[in-house]
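Some notes on the structure that comes next.
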Protein chains: 2
Amino acid sequence: MTTTTTPTEERIHLAALRLFSRKGYAATGIRELADEAGLSPSSLYNHIGSKEDLLLRIMRDGYARLWSTAQSGLDGIEEPVARLARLVQVHVYVHATYRQECRVIDAEFGELVQGAREEILGRRDDYESLWARALVAGSENGSMLVPDQRVARLGLLTMCTGVAHWFRPEGPNDVFDVSLRHVDLVLSATNATRGRRRAVASGLPLLDRSWFDRALPDRPVFQATA
Amino acid sequence: MTTTTTPTEERIHLAALRLFSRKGYAATGIRELADEAGLSPSSLYNHIGSKEDLLLRIMRDGYARLWSTAQSGLDGIEEPVARLARLVQVHVYVHATYRQECRVIDAEFGELVQGAREEILGRRDDYESLWARALVAGSENGSMLVPDQRVARLGLLTMCTGVAHWFRPEGPNDVFDVSLRHVDLVLSATNATRGRRRAVASGLPLLDRSWFDRALPDRPVFQATA
DNA sequence: GTCTATACTCTGATAGAC
DNA sequence: GTCTATCAGAGTATAGAC
(Lines give C-alpha, C1' and ligand atoms only; values in the text may rest on other atoms or scores of the structure.)
Protein backbone atom coordinates (compact mmCIF):
# COMPACT_ATOMS: atom_id res chain seq x y z
CA MET A 1 0.00 0.00 0.00
CA THR A 2 2.83 2.34 0.89
CA THR A 3 4.70 3.68 -2.11
CA THR A 4 8.11 2.01 -2.42
CA THR A 5 9.86 2.11 0.93
CA THR A 6 13.37 1.11 1.96
CA PRO A 7 13.82 -1.66 4.54
CA THR A 8 14.80 0.92 7.16
CA GLU A 9 11.75 3.06 6.52
CA GLU A 10 9.65 -0.07 6.81
CA ARG A 11 11.23 -0.95 10.15
CA ILE A 12 10.56 2.52 11.49
CA HIS A 13 7.01 2.40 10.25
CA LEU A 14 6.40 -0.93 11.98
CA ALA A 15 8.04 0.23 15.20
CA ALA A 16 5.83 3.31 15.19
CA LEU A 17 2.74 1.18 14.63
CA ARG A 18 3.63 -1.03 17.58
CA LEU A 19 4.42 1.80 19.98
CA PHE A 20 1.74 4.28 18.93
CA SER A 21 -0.96 1.63 19.15
CA ARG A 22 0.27 0.30 22.48
CA LYS A 23 1.21 3.44 24.38
CA GLY A 24 -0.29 6.22 22.33
CA TYR A 25 1.38 8.77 20.08
CA ALA A 26 1.99 11.39 22.75
CA ALA A 27 3.39 8.90 25.23
CA THR A 28 5.88 7.47 22.74
CA GLY A 29 9.30 9.13 22.79
CA ILE A 30 11.71 9.52 19.91
CA ARG A 31 14.42 7.57 21.75
CA GLU A 32 12.03 4.73 22.41
CA LEU A 33 10.96 4.72 18.78
CA ALA A 34 14.56 4.73 17.58
CA ASP A 35 15.39 1.90 19.95
CA GLU A 36 12.45 -0.20 18.76
CA ALA A 37 13.51 0.37 15.16
CA GLY A 38 17.15 -0.44 15.95
CA LEU A 39 18.57 2.99 15.18
CA SER A 40 19.94 5.95 17.06
CA PRO A 41 17.56 8.87 17.57
CA SER A 42 19.47 11.03 15.12
CA SER A 43 19.57 8.40 12.37
CA LEU A 44 15.81 8.32 12.59
CA TYR A 45 15.69 11.79 11.14
CA ASN A 46 17.37 10.60 7.96
CA HIS A 47 14.15 8.72 7.22
CA ILE A 48 11.36 10.76 8.72
CA GLY A 49 10.78 14.50 8.79
CA SER A 50 9.36 14.49 12.29
CA LYS A 51 7.20 12.49 14.65
CA GLU A 52 4.19 14.32 13.30
CA ASP A 53 5.05 13.36 9.73
CA LEU A 54 5.26 9.75 10.75
CA LEU A 55 1.79 9.86 12.23
CA LEU A 56 0.38 11.53 9.13
CA ARG A 57 1.96 8.85 6.94
CA ILE A 58 0.39 6.08 8.99
CA MET A 59 -3.03 7.67 8.73
CA ARG A 60 -2.70 8.34 5.02
CA ASP A 61 -1.69 4.75 4.33
CA GLY A 62 -4.56 3.45 6.41
CA TYR A 63 -7.24 5.43 4.64
CA ALA A 64 -5.70 4.68 1.25
CA ARG A 65 -5.91 0.97 2.00
CA LEU A 66 -9.48 1.21 3.23
CA TRP A 67 -10.54 3.32 0.27
CA SER A 68 -8.95 1.21 -2.46
CA THR A 69 -10.07 -2.09 -0.92
CA ALA A 70 -13.64 -0.84 -0.63
CA GLN A 71 -13.60 0.48 -4.20
CA SER A 72 -12.49 -2.79 -5.73
CA GLY A 73 -14.79 -4.74 -3.42
CA LEU A 74 -17.81 -2.80 -4.68
CA ASP A 75 -16.85 -3.18 -8.32
CA GLY A 76 -19.80 -4.26 -10.45
CA ILE A 77 -22.26 -4.42 -7.54
CA GLU A 78 -25.30 -2.16 -7.84
CA GLU A 79 -27.79 -3.51 -5.32
CA PRO A 80 -27.68 -1.33 -2.19
CA VAL A 81 -28.05 -4.21 0.27
CA ALA A 82 -25.16 -6.07 -1.36
CA ARG A 83 -23.05 -2.91 -1.48
CA LEU A 84 -23.63 -2.25 2.21
CA ALA A 85 -22.81 -5.87 3.05
CA ARG A 86 -19.53 -5.68 1.13
CA LEU A 87 -18.63 -2.38 2.76
CA VAL A 88 -19.10 -4.05 6.14
CA GLN A 89 -17.00 -7.02 5.05
CA VAL A 90 -14.12 -4.85 3.91
CA HIS A 91 -14.29 -2.50 6.88
CA VAL A 92 -14.28 -5.28 9.46
CA TYR A 93 -11.72 -7.41 7.64
CA VAL A 94 -9.31 -4.50 7.34
CA HIS A 95 -9.86 -3.37 10.93
CA ALA A 96 -9.26 -6.86 12.26
CA THR A 97 -6.22 -7.48 10.10
CA TYR A 98 -4.46 -4.12 10.43
CA ARG A 99 -5.49 -3.59 14.02
CA GLN A 100 -2.58 -1.45 15.09
CA GLU A 101 -2.85 0.90 12.16
CA CYS A 102 -6.61 1.25 12.53
CA ARG A 103 -6.38 1.89 16.24
CA VAL A 104 -3.83 4.63 15.70
CA ILE A 105 -6.05 6.21 13.06
CA ASP A 106 -8.98 6.05 15.42
CA ALA A 107 -7.27 7.24 18.58
CA GLU A 108 -4.75 9.82 17.41
CA PHE A 109 -6.74 11.94 15.01
CA GLY A 110 -6.65 14.76 17.55
CA GLU A 111 -2.84 14.77 17.56
CA LEU A 112 -2.63 15.87 13.93
CA VAL A 113 -1.61 19.46 13.27
CA GLN A 114 -3.72 21.91 11.34
CA GLY A 115 -3.15 21.03 7.68
CA ALA A 116 -2.87 17.31 8.29
CA ARG A 117 -6.16 17.19 10.15
CA GLU A 118 -8.04 18.64 7.20
CA GLU A 119 -6.45 16.19 4.80
CA ILE A 120 -7.32 13.15 6.88
CA LEU A 121 -10.80 14.47 7.59
CA GLY A 122 -11.33 14.73 3.85
CA ARG A 123 -10.24 11.15 3.31
CA ARG A 124 -12.47 9.97 6.11
CA ASP A 125 -15.46 11.84 4.70
CA ASP A 126 -14.87 10.39 1.24
CA TYR A 127 -14.79 6.89 2.66
CA GLU A 128 -17.80 7.30 4.91
CA SER A 129 -19.86 8.70 2.05
CA LEU A 130 -19.69 5.23 0.47
CA TRP A 131 -21.63 3.99 3.47
CA ALA A 132 -23.99 6.96 3.42
CA ARG A 133 -24.84 6.40 -0.25
CA ALA A 134 -25.57 2.71 0.28
CA LEU A 135 -27.91 3.50 3.16
CA VAL A 136 -29.70 6.23 1.21
CA ALA A 137 -30.09 4.02 -1.88
CA GLY A 138 -31.35 1.12 0.20
CA SER A 139 -33.91 3.29 1.95
CA GLU A 140 -35.08 4.82 -1.31
CA ASN A 141 -35.68 1.55 -3.10
CA GLY A 142 -37.33 0.04 -0.03
CA SER A 143 -34.76 -2.68 0.62
CA MET A 144 -33.78 -1.15 3.96
CA LEU A 145 -35.80 0.44 6.74
CA VAL A 146 -33.68 2.99 8.57
CA PRO A 147 -35.60 5.55 10.63
CA ASP A 148 -32.58 7.80 11.21
CA GLN A 149 -29.90 7.62 8.52
CA ARG A 150 -27.34 9.64 10.40
CA VAL A 151 -27.55 7.79 13.70
CA ALA A 152 -27.57 4.44 11.91
CA ARG A 153 -24.54 5.29 9.80
CA LEU A 154 -22.52 6.59 12.73
CA GLY A 155 -23.57 3.77 15.02
CA LEU A 156 -22.92 0.95 12.57
CA LEU A 157 -19.62 2.38 11.37
CA THR A 158 -18.51 2.70 14.97
CA MET A 159 -19.49 -0.89 15.65
CA CYS A 160 -17.42 -2.13 12.72
CA THR A 161 -14.47 0.10 13.59
CA GLY A 162 -14.51 -1.25 17.13
CA VAL A 163 -13.33 -4.62 15.86
CA ALA A 164 -9.80 -3.19 15.77
CA HIS A 165 -10.03 -2.74 19.54
CA TRP A 166 -11.30 -6.11 20.71
CA PHE A 167 -10.36 -8.57 17.99
CA ARG A 168 -7.51 -11.01 18.69
CA PRO A 169 -6.33 -13.51 16.06
CA GLU A 170 -5.85 -16.10 18.78
CA GLY A 171 -9.48 -15.67 19.89
CA PRO A 172 -12.47 -17.90 19.08
CA ASN A 173 -13.37 -16.26 15.74
CA ASP A 174 -11.22 -15.81 12.68
CA VAL A 175 -11.12 -12.57 10.70
CA PHE A 176 -13.41 -13.62 7.88
CA ASP A 177 -15.88 -15.13 10.31
CA VAL A 178 -16.09 -11.93 12.34
CA SER A 179 -16.68 -9.93 9.18
CA LEU A 180 -19.64 -12.16 8.26
CA ARG A 181 -21.11 -11.83 11.75
CA HIS A 182 -21.00 -8.09 11.33
CA VAL A 183 -22.67 -8.29 7.95
CA ASP A 184 -25.58 -10.06 9.63
CA LEU A 185 -25.68 -7.56 12.50
CA VAL A 186 -25.81 -4.65 10.05
CA LEU A 187 -28.37 -6.28 7.76
CA SER A 188 -30.63 -6.97 10.74
CA ALA A 189 -30.12 -3.50 12.21
CA THR A 190 -31.10 -1.86 8.90
CA ASN A 191 -34.04 -4.26 8.43
CA ALA A 192 -32.62 -5.16 5.03
CA THR A 193 -34.73 -7.31 2.72
CA ARG A 194 -34.28 -9.19 -0.56
CA GLY A 195 -37.43 -10.02 -2.41
CA ARG A 196 -39.88 -10.52 0.45
CA ARG A 197 -37.41 -12.10 2.87
CA ARG A 198 -35.06 -10.49 5.36
CA ALA A 199 -31.58 -10.34 3.89
CA VAL A 200 -28.87 -12.51 5.46
CA ALA A 201 -25.18 -12.83 4.68
CA SER A 202 -25.47 -16.35 3.31
CA GLY A 203 -27.80 -15.29 0.49
CA LEU A 204 -25.82 -12.33 -0.83
CA PRO A 205 -23.07 -11.96 -3.45
CA LEU A 206 -20.30 -11.36 -0.93
CA LEU A 207 -16.51 -11.31 -1.14
CA ASP A 208 -14.94 -14.66 -0.31
CA ARG A 209 -11.80 -15.59 1.59
CA SER A 210 -9.65 -15.84 -1.51
CA TRP A 211 -10.73 -12.38 -2.62
CA PHE A 212 -9.25 -10.92 0.56
CA ASP A 213 -6.08 -12.97 0.17
CA ARG A 214 -5.65 -11.39 -3.25
CA ALA A 215 -6.74 -7.87 -2.32
CA LEU A 216 -4.64 -7.66 0.86
CA PRO A 217 -1.53 -9.78 0.27
CA ASP A 218 0.83 -7.78 2.49
CA ARG A 219 -0.79 -8.58 5.80
CA PRO A 220 1.19 -7.77 8.94
CA VAL A 221 2.60 -10.88 10.58
CA PHE A 222 2.67 -9.85 14.21
CA GLN A 223 0.54 -7.54 16.31
CA ALA A 224 0.76 -5.93 19.74
CA THR A 225 -0.59 -7.83 22.71
CA ALA A 226 -1.91 -4.73 24.45
CA MET B 1 -21.64 10.66 41.94
CA THR B 2 -18.33 11.70 43.40
CA THR B 3 -18.09 11.50 47.14
CA THR B 4 -18.13 14.98 48.72
CA THR B 5 -15.59 17.17 46.96
CA THR B 6 -14.43 20.68 47.67
CA PRO B 7 -14.98 23.39 45.05
CA THR B 8 -11.28 23.35 44.17
CA GLU B 9 -11.23 19.61 43.73
CA GLU B 10 -14.27 19.94 41.54
CA ARG B 11 -12.55 22.60 39.39
CA ILE B 12 -9.48 20.39 38.96
CA HIS B 13 -11.65 17.44 38.10
CA LEU B 14 -13.49 19.43 35.43
CA ALA B 15 -10.27 20.87 34.03
CA ALA B 16 -8.83 17.38 33.76
CA LEU B 17 -11.95 16.15 32.01
CA ARG B 18 -11.71 18.95 29.45
CA LEU B 19 -8.00 18.52 28.75
CA PHE B 20 -7.76 14.74 28.92
CA SER B 21 -10.71 14.33 26.58
CA ARG B 22 -9.47 16.97 24.14
CA LYS B 23 -5.74 16.33 24.01
CA GLY B 24 -5.33 12.98 25.67
CA TYR B 25 -3.94 12.10 29.09
CA ALA B 26 -0.30 11.75 28.04
CA ALA B 27 -0.32 14.96 26.02
CA THR B 28 -1.70 17.02 28.90
CA GLY B 29 0.94 18.63 31.10
CA ILE B 30 0.72 19.43 34.79
CA ARG B 31 1.34 23.12 34.16
CA GLU B 32 -1.44 23.19 31.61
CA LEU B 33 -3.80 21.39 33.94
CA ALA B 34 -3.01 23.78 36.77
CA ASP B 35 -3.55 26.73 34.47
CA GLU B 36 -6.93 25.43 33.30
CA ALA B 37 -7.98 24.92 36.91
CA GLY B 38 -6.73 28.39 37.91
CA LEU B 39 -3.97 27.21 40.26
CA SER B 40 -0.23 26.99 40.32
CA PRO B 41 1.30 23.60 39.53
CA SER B 42 2.36 23.08 43.13
CA SER B 43 -1.02 23.97 44.61
CA LEU B 44 -2.47 21.24 42.46
CA TYR B 45 -0.65 18.69 44.60
CA ASN B 46 -2.56 19.80 47.68
CA HIS B 47 -5.63 18.27 46.05
CA ILE B 48 -4.44 15.36 44.01
CA GLY B 49 -1.83 12.72 44.73
CA SER B 50 -0.57 12.59 41.17
CA LYS B 51 -1.70 12.81 37.58
CA GLU B 52 -2.24 9.06 37.63
CA ASP B 53 -4.49 9.30 40.67
CA LEU B 54 -6.57 11.89 38.91
CA LEU B 55 -7.09 9.59 35.94
CA LEU B 56 -8.04 6.68 38.16
CA ARG B 57 -10.56 8.87 39.99
CA ILE B 58 -12.19 9.88 36.72
CA MET B 59 -12.49 6.28 35.60
CA ARG B 60 -13.83 5.09 38.95
CA ASP B 61 -16.48 7.80 38.98
CA GLY B 62 -17.49 6.98 35.43
CA TYR B 63 -18.01 3.28 36.01
CA ALA B 64 -19.75 3.94 39.31
CA ARG B 65 -22.23 6.20 37.54
CA LEU B 66 -22.81 3.71 34.74
CA TRP B 67 -23.21 0.83 37.16
CA SER B 68 -25.61 2.50 39.57
CA THR B 69 -27.71 4.04 36.81
CA ALA B 70 -28.02 0.69 35.05
CA GLN B 71 -28.90 -1.08 38.28
CA SER B 72 -31.74 1.27 39.16
CA GLY B 73 -32.89 1.34 35.54
CA LEU B 74 -33.27 -2.43 35.51
CA ASP B 75 -35.11 -2.54 38.83
CA GLY B 76 -38.20 -4.72 38.65
CA ILE B 77 -37.75 -5.65 34.98
CA GLU B 78 -37.39 -9.35 34.26
CA GLU B 79 -38.08 -9.71 30.54
CA PRO B 80 -34.72 -10.04 28.72
CA VAL B 81 -35.74 -7.90 25.74
CA ALA B 82 -36.87 -5.09 28.03
CA ARG B 83 -33.73 -5.40 30.13
CA LEU B 84 -31.51 -5.17 27.08
CA ALA B 85 -33.46 -2.18 25.80
CA ARG B 86 -33.06 -0.37 29.11
CA LEU B 87 -29.36 -1.19 29.25
CA VAL B 88 -29.00 0.42 25.81
CA GLN B 89 -30.99 3.45 26.94
CA VAL B 90 -28.84 4.01 30.00
CA HIS B 91 -25.56 3.33 28.22
CA VAL B 92 -26.29 5.72 25.36
CA TYR B 93 -27.84 8.39 27.56
CA VAL B 94 -24.86 8.41 29.90
CA HIS B 95 -22.32 8.34 27.07
CA ALA B 96 -24.02 11.24 25.31
CA THR B 97 -24.41 13.27 28.48
CA TYR B 98 -21.02 12.70 30.11
CA ARG B 99 -19.14 12.62 26.84
CA GLN B 100 -15.81 13.85 28.13
CA GLU B 101 -15.70 11.42 31.00
CA CYS B 102 -16.73 8.48 28.83
CA ARG B 103 -14.19 9.31 26.16
CA VAL B 104 -11.41 9.45 28.72
CA ILE B 105 -12.50 6.09 30.13
CA ASP B 106 -12.54 4.64 26.65
CA ALA B 107 -9.29 6.10 25.35
CA GLU B 108 -6.98 6.14 28.36
CA PHE B 109 -7.44 2.70 29.85
CA GLY B 110 -3.96 1.79 28.68
CA GLU B 111 -2.42 4.67 30.66
CA LEU B 112 -3.45 3.16 33.99
CA VAL B 113 -0.70 1.61 36.09
CA GLN B 114 -0.71 -1.99 37.27
CA GLY B 115 -3.07 -2.01 40.24
CA ALA B 116 -5.44 0.56 38.81
CA ARG B 117 -5.84 -1.35 35.57
CA GLU B 118 -7.05 -4.43 37.35
CA GLU B 119 -9.54 -2.46 39.40
CA ILE B 120 -11.06 -0.72 36.40
CA LEU B 121 -11.07 -3.92 34.38
CA GLY B 122 -13.07 -5.54 37.17
CA ARG B 123 -15.61 -2.74 37.13
CA ARG B 124 -15.89 -2.95 33.37
CA ASP B 125 -16.40 -6.70 33.46
CA ASP B 126 -19.09 -6.38 36.12
CA TYR B 127 -20.92 -3.84 34.02
CA GLU B 128 -20.61 -5.72 30.76
CA SER B 129 -21.88 -8.90 32.34
CA LEU B 130 -25.24 -7.16 32.70
CA TRP B 131 -25.35 -7.04 28.91
CA ALA B 132 -24.08 -10.58 28.57
CA ARG B 133 -26.76 -11.94 30.89
CA ALA B 134 -29.55 -10.14 29.02
CA LEU B 135 -28.34 -11.57 25.70
CA VAL B 136 -28.03 -15.08 27.09
CA ALA B 137 -31.46 -14.95 28.73
CA GLY B 138 -33.06 -13.59 25.56
CA SER B 139 -31.50 -16.30 23.44
CA GLU B 140 -32.52 -19.02 25.86
CA ASN B 141 -36.19 -18.05 26.04
CA GLY B 142 -36.34 -17.52 22.29
CA SER B 143 -37.03 -13.79 22.35
CA MET B 144 -33.72 -12.98 20.63
CA LEU B 145 -31.85 -14.64 17.79
CA VAL B 146 -28.13 -14.04 18.19
CA PRO B 147 -25.86 -16.41 16.26
CA ASP B 148 -22.67 -15.32 18.03
CA GLN B 149 -23.17 -13.96 21.55
CA ARG B 150 -19.66 -12.70 21.98
CA VAL B 151 -19.40 -10.81 18.71
CA ALA B 152 -22.87 -9.35 19.16
CA ARG B 153 -22.16 -8.17 22.70
CA LEU B 154 -18.84 -6.59 21.81
CA GLY B 155 -20.17 -5.05 18.61
CA LEU B 156 -23.33 -3.60 20.09
CA LEU B 157 -21.59 -2.31 23.20
CA THR B 158 -19.01 -0.62 21.01
CA MET B 159 -21.74 0.95 18.91
CA CYS B 160 -23.42 2.41 21.99
CA THR B 161 -20.13 3.56 23.50
CA GLY B 162 -19.28 5.35 20.26
CA VAL B 163 -22.03 7.87 20.93
CA ALA B 164 -19.60 9.64 23.28
CA HIS B 165 -17.37 10.29 20.27
CA TRP B 166 -19.78 11.67 17.71
CA PHE B 167 -22.70 13.06 19.68
CA ARG B 168 -23.05 16.84 19.90
CA PRO B 169 -25.85 18.47 21.93
CA GLU B 170 -26.16 21.14 19.25
CA GLY B 171 -26.68 18.47 16.57
CA PRO B 172 -29.96 17.31 15.00
CA ASN B 173 -30.83 14.72 17.68
CA ASP B 174 -31.29 15.19 21.39
CA VAL B 175 -29.87 12.78 23.95
CA PHE B 176 -33.05 10.89 24.70
CA ASP B 177 -33.88 10.61 21.01
CA VAL B 178 -30.47 9.12 20.20
CA SER B 179 -30.87 6.59 22.99
CA LEU B 180 -34.20 5.42 21.52
CA ARG B 181 -32.68 5.12 18.05
CA HIS B 182 -30.05 2.86 19.50
CA VAL B 183 -32.64 0.75 21.27
CA ASP B 184 -34.22 0.09 17.88
CA LEU B 185 -30.87 -0.65 16.25
CA VAL B 186 -30.02 -3.17 18.98
CA LEU B 187 -33.45 -4.79 18.99
CA SER B 188 -33.27 -5.23 15.21
CA ALA B 189 -29.70 -6.48 15.32
CA THR B 190 -30.59 -9.14 17.90
CA ASN B 191 -33.81 -10.08 16.04
CA ALA B 192 -35.71 -9.43 19.25
CA THR B 193 -39.39 -10.40 19.37
CA ARG B 194 -42.37 -9.89 21.70
CA GLY B 195 -45.20 -12.31 21.28
CA ARG B 196 -45.04 -13.03 17.55
CA ARG B 197 -43.97 -9.54 16.46
CA ARG B 198 -40.51 -8.02 16.18
CA ALA B 199 -39.81 -5.89 19.23
CA VAL B 200 -39.57 -2.12 18.79
CA ALA B 201 -38.78 0.64 21.26
CA SER B 202 -42.28 2.09 21.17
CA GLY B 203 -43.88 -1.10 22.51
CA LEU B 204 -41.56 -1.71 25.46
CA PRO B 205 -41.58 -0.62 29.12
CA LEU B 206 -38.71 1.84 28.74
CA LEU B 207 -37.31 4.60 30.91
CA ASP B 208 -38.77 8.01 30.13
CA ARG B 209 -37.23 11.47 30.01
CA SER B 210 -38.23 12.35 33.55
CA TRP B 211 -36.62 9.16 34.85
CA PHE B 212 -33.26 10.32 33.50
CA ASP B 213 -33.78 13.81 34.90
CA ARG B 214 -34.21 12.24 38.30
CA ALA B 215 -31.49 9.60 37.98
CA LEU B 216 -28.83 11.96 36.62
CA PRO B 217 -29.50 15.39 38.11
CA ASP B 218 -25.91 16.63 38.19
CA ARG B 219 -25.37 16.81 34.44
CA PRO B 220 -22.29 18.67 33.23
CA VAL B 221 -23.16 22.07 31.77
CA PHE B 222 -20.49 22.48 29.14
CA GLN B 223 -18.52 20.06 27.03
CA ALA B 224 -15.40 20.21 24.87
CA THR B 225 -15.78 21.19 21.23
CA ALA B 226 -13.13 18.79 20.02
C1' DG C 1 -4.71 26.26 51.85
C1' DT C 2 -1.65 29.62 48.40
C1' DC C 3 2.54 30.80 46.09
C1' DT C 4 7.81 31.17 43.88
C1' DA C 5 11.69 28.67 42.95
C1' DT C 6 13.72 24.66 41.69
C1' DA C 7 15.26 19.59 41.18
C1' DC C 8 15.95 16.23 37.96
C1' DT C 9 14.54 13.73 34.00
C1' DC C 10 12.98 13.41 29.56
C1' DT C 11 11.24 15.73 25.26
C1' DG C 12 11.85 16.49 19.96
C1' DA C 13 15.28 17.84 17.14
C1' DT C 14 20.08 19.28 15.37
C1' DA C 15 25.42 19.66 14.58
C1' DG C 16 28.97 17.68 12.83
C1' DA C 17 32.43 13.80 12.65
C1' DC C 18 32.78 9.47 10.11
C1' DG D 1 23.60 6.44 5.33
C1' DT D 2 25.58 5.82 10.64
C1' DC D 3 26.89 7.61 15.03
C1' DT D 4 28.08 10.68 19.73
C1' DA D 5 27.22 14.88 21.86
C1' DT D 6 24.23 18.42 22.77
C1' DC D 7 20.54 22.09 22.72
C1' DA D 8 16.55 24.48 24.62
C1' DG D 9 12.44 23.58 26.53
C1' DA D 10 8.88 20.84 28.86
C1' DG D 11 7.86 16.67 31.76
C1' DT D 12 6.27 15.50 36.94
C1' DA D 13 6.92 16.55 41.37
C1' DT D 14 8.85 18.83 45.69
C1' DA D 15 10.85 22.44 49.15
C1' DG D 16 9.84 25.87 51.83
C1' DA D 17 8.14 30.72 52.65
C1' DC D 18 3.64 32.84 53.63
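Numbered from 1 within each chain, the chains take letters A, B, ... in sequence-line order.
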Using whole Å, what does the distance between atom [atom2] of nucleotide [N] and atom [atom1] of [X] come to?
| X | N | atom1 | atom2 | answer |
| --- | --- | --- | --- | --- |
| A/Leu54 | C/dA13 | CG | P | 10 Å |
| A/Lys51 | C/dC10 | NZ | P | 15 Å |
| A/Arg31 | D/dG11 | CZ | P | 15 Å |
| B/Leu39 | C/dT2 | CG | P | 5 Å |
| B/Asp35 | C/dC3 | CG | P | 11 Å |
| B/Ile48 | C/dG1 | CD1 | P | 13 Å |
| A/Leu44 | C/dG12 | CG | P | 10 Å |
| B/Ile12 | C/dG1 | CD1 | C1' | 12 Å |

Ignoring hydrogens and angles, tell me if any N or O in the side chain of [X] forms a donor-acceptor pair with the backbone of [Y] under 3.5 Å.
| X | Y | result |
| --- | --- | --- |
| A/Thr97 | A/Val94 | no |
| A/Tyr25 | A/Glu52 | yes |
| A/Ser21 | A/Arg18 | yes |

Of the listed nucleotides [options], the one nearest the side chain of [X]:
| X | options | value |
| --- | --- | --- |
| B/Ile30 | C/dA15, C/dG12, D/dA13 | D/dA13 |
| A/Tyr45 | C/dT4, C/dG12, D/dC3 | C/dG12 |
| B/Ser42 | D/dA15, C/dA13, D/dC3 | D/dA15 |
| B/Ser43 | D/dA13, C/dC3, D/dC3 | C/dC3 |
| B/Ser40 | D/dC3, C/dT4, C/dT2 | C/dT4 |
| A/His47 | C/dG12, D/dG1, C/dC3 | D/dG1 |

Note to self: Parallel, tilted or perpendicular, judged at 30° and 60°: which one describes the rings of B/Phe212 and B/Phe176?
What the structure shows: perpendicular

Margin query: Can you classify the ring geometry of A/His91 versus A/Tyr127 as parallel (below 30°), tilted (30 to 60°) or perpendicular (above 60°)?
Written below: parallel

